[in-house]
Protein chains: 2
Amino acid sequence: MTYVLEVLGDKWTFLIIRDMIFKGCCQYKQFIDSDEGVATNILADRLKKLAKHEIITQCKDPQNGRQKLYHLTEKGLDLIPSILQLIKWSGHHDVNTVLSDQIMHYLDHRFEEAVEIVRSEYLTNCHVG
Amino acid sequence: MTYVLEVLGDKWTFLIIRDMIFKGCCQYKQFIDSDEGVATNILADRLKKLAKHEIITQCKDPQNGRQKLYHLTEKGLDLIPSILQLIKWSGHHDVNTVLSDQIMHYLDHRFEEAVEIVRSEYLTNCHVG
DNA sequence: CTCTATAACTTGCAAATTAAAAGTAATTCA
DNA sequence: TGAATTACTTTTAATTTGCAAGTTATAGAG
């Protein structure tokens with residue numbers, strides 16, 4: 001539990017992982033352009049930290065040598081249930097979090113399926129082994 | 001999701017809620033004495049914030065007028081699934097988090113039951129309506 | 001082959017936040 | 001009445017953050 005906090009107990013770290021899972025973000029630029037507005041030094045620091053904890057991997061884009069690609073590891077993907085539970089909580093208790101009836105139904109009654117959908121969607125879009 | 005971070009995106013807030021759920025902490029002194037070592041000003045600030053968001057309630061102890069009692073609301077109790085998912089993740093990926101086979105089995109295969117057990121145990125120990 | 005653009009950082013500094021220590025207020029118990 | 005306990009608040013120093021401005025490496029255009 002202390003480890004979870006070391007890894008996730010920070011706003012920006014959390015948002016980075018969320019943007020990877022749900023927006024398919026995998027480049028430095030994409031995180032910077034994301035609506036949250038993270039500072040460049042903070043982003044670099046958090047990406048380094050996440051890589052150190054093996055939650056993400058960093059590699060050169062074979063198509064474009066000046067870009068790097070960030071991808072979630074299995075350990076990172078295993079955070080999907082936790083994040084979905086938090087989204088579910090928001091759906092129930094935060095007026096500003098408006099989720100469709102279908103999504104709420106999945107979260108409330110078919111949680112494991114929801115996890116699988118999010119996971120396989122990520123793997124499809126980010127086509128990594 | 002932004003709301004979750006506003007509420008939980010902070011190490012100490014998270015630890016306070018965890019200590020309430022799993023250690024039955026309900027007094028200022030208990031949080032201070034807890035192994036984590038939170039500073040008094042930070043604790044006061046976070047308890048105020050949690051009360052403002054209606055995740056906990058604050059009331060005078062009828063038995064001892066100089067004490068206050070902090071209790072989780074329904075909204076706060078609804079965080080149990082999120083926290084259990086994080087514990088489950090720790091059990092799988094952090095070498096320092098050692099959970100018994102029985103607990104891991106519950107988290108992996110009977111998650112809803114685990115949530116109910118933790119919830120009703122809290123309600124029993126903290127005997128609030 | 002040079003020149004400009006782009007991506008991914010790093011550095012420096014002011015501002016905000018946190019931690020540690022000491023102080024305060026209300027209540028209880030001797 | 002006076003010491004102890006609980007729940008804070010205040011002060012100050014240290015740490016962390018956010019912003020702006022560099023820096024490095026690669027790509028593509030001419």
Side-chain angles (χ1 to χ4, degrees), chain A residues 2 4-20 23-53 55-72 76 126 128, chain B residues 2 4-20 23-53 55-72 76 126 128:
Chain A
T2 314
V4 169
L5 287 165
E6 197 186 318
V7 175
L8 274 192
D10 166 84
K11 179 187 166 185
W12 295 119
T13 312
F14 209 91
L15 288 174
I16 289 167
I17 295 174
R18 188 203 59 176
D19 285 353
M20 290 182 84
K23 299 185 189 167
C25 290
C26 57
Q27 290 171 40
Y28 192 90
K29 198 178 123 64
Q30 292 178 314
F31 295 116
I32 292 291
D33 291 347
S34 190
D35 20 324
E36 326 298 350
V38 62
T40 56
N41 52 347
I42 304 292
L43 177 60
D45 177 79
R46 297 307 188 276
L47 287 172
K48 197 183 291 174
K49 211 167 131 190
L50 284 169
K52 194 187 82 189
H53 286 294
I55 286 164
I56 63 172
T57 55
Q58 189 193 65
C59 64
K60 244 186 176 172
D61 185 342
Q63 257 85 63
N64 186 342
R66 67 192 152 175
Q67 282 182 188
K68 283 182 187 167
L69 296 176
Y70 297 98
H71 291 296
L72 288 164
C126 293
V128 233
Chain B
T2 313
V4 169
L5 287 166
E6 198 186 318
V7 175
L8 274 192
D10 166 86
K11 179 187 168 186
W12 295 118
T13 312
F14 210 92
L15 288 174
I16 289 167
I17 295 174
R18 187 203 59 175
D19 284 353
M20 291 182 84
K23 299 186 191 166
C25 289
C26 57
Q27 291 171 41
Y28 192 89
K29 198 179 122 65
Q30 291 177 314
F31 295 116
I32 292 291
D33 291 347
S34 189
D35 20 325
E36 326 297 349
V38 63
T40 58
N41 53 348
I42 302 291
L43 177 60
D45 176 80
R46 297 305 189 278
L47 287 172
K48 197 184 291 174
K49 211 167 132 191
L50 284 169
K52 196 187 81 189
H53 285 295
I55 286 165
I56 64 172
T57 56
Q58 190 192 66
C59 65
K60 242 185 177 173
D61 185 343
Q63 257 85 63
N64 185 342
R66 66 192 153 174
Q67 282 183 189
K68 283 182 187 169
L69 296 176
Y70 297 96
H71 291 295
L72 288 165
C126 294
V128 233

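Just so we're on the same page: letters track the sequence lines, and every chain starts at 1.
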Q: Using whole Å, what does the distance between atom C1' of nucleotide D:dT16 and atom CG of B:Asp10 come to?
A: 13 Å
Q: Could you check whether A:Lys29 pairs with A:Asp33 (Lys NZ or Arg NE/NH1/NH2 to Asp/Glu carboxylate O, under 4.0 Å)?
A: yes
Q: Would you say B:Arg46 places a side-chain N or O within less than 4.0 Å of OP1 or OP2 belonging to C:dT18?
A: yes
Q: Could you write out each protein N or O paired with an N or O of nucleotides 27-29 of chain D at a distance under 3.5 Å?
A:
{"from": "D:dA27", "atom 1": "OP1", "to": "A:Gly65", "atom 2": "N", "distance (Å)": "3.0"}
{"from": "D:dA27", "atom 1": "O4'", "to": "A:Arg66", "atom 2": "NE", "distance (Å)": "3.4"}

Q: CG of A:Leu15 versus C1' of D:dG18: gap in Å, rounded?
A: 15 Å
Q: Among C:dA19, D:dA7, C:dA8, find the nucleotide with the atom closest to the side chain of B:Gln27.
A: D:dA7
Q: Using the closest heavy atom to pick a nucleotide of DNA chain D for each, name whichever of A:Lys11 or B:Lys48 lands nearer the 5' end.
A: B:Lys48
Q: Check whether any side-chain nitrogen or oxygen of A:Lys29 sits under 4.0 Å from OP1 or OP2 of C:dA7, and answer yes or no.
A: yes
Q: Would you say A:Thr2 and A:Glu6 make side-chain contact, with heavy atoms under 4.5 Å?
A: no
Q: To the nearest Å, how far apart are A:Ile42 CD1 and C:dC13 P?
A: 18 Å
Q: Counting only heavy atoms not in A:Lys23, do more than 12 fall under 6.0 Å of its NZ?
A: yes
Q: Rounded to the nearest angstrom, tell me the gap between atom CG in A:Asp33 and atom C1' in C:dA7.
A: 11 Å
Q: Measure the distance from CG on A:Asp61 to C1' on C:dA7 and round it to the nearest whole Å.
A: 11 Å
Q: With a 4.5 Å limit on heavy-atom distance, are the side chains of A:Leu8 and A:Ile17 in contact?
A: yes
Q: Could you tell me whether B:Asp61 and B:Lys68 have a side-chain N and a carboxylate O separated by less than 4.0 Å?
A: no
Q: Base, sugar-phosphate, or nothing: which does B:Lys60 touch, judged by heavy atoms less than 4.0 Å apart?
A: sugar-phosphate
Q: For the side chain of B:Thr40, counting heavy atoms from C-beta on, which of C:dA21, C:dA7, D:dG18 is nearest?
A: C:dA21
Q: Where do A:Arg18 and A:Glu36 land on the side-chain contact (heavy atoms from CB on, under 4.5 Å) test, with the steps shown first?
A: CA-CA 11 Å; A:Arg18 188 203 59 176; A:Glu36 326 298 350; 2.4 Å; yes
Q: Can you check the A:Gln58 CD to C:dA8 P distance for me, whole Å?
A: 10 Å
Q: B:Leu43 CG to C:dT18 P: how many Å, rounded?
A: 13 Å
Q: Quick one: is D:dG18 close enough that its OP1 or OP2 comes under 4.0 Å of any side-chain N or O from A:Trp12?
A: yes
Q: Ignoring hydrogens and geometry, is there a side-chain-to-backbone donor-acceptor pair from A:Gln30 to A:Gln27 under 3.5 Å?
A: yes
Q: Between atom CG in B:Asn41 and atom C1' in C:dA20, what is the gap in whole Å?
A: 8 Å
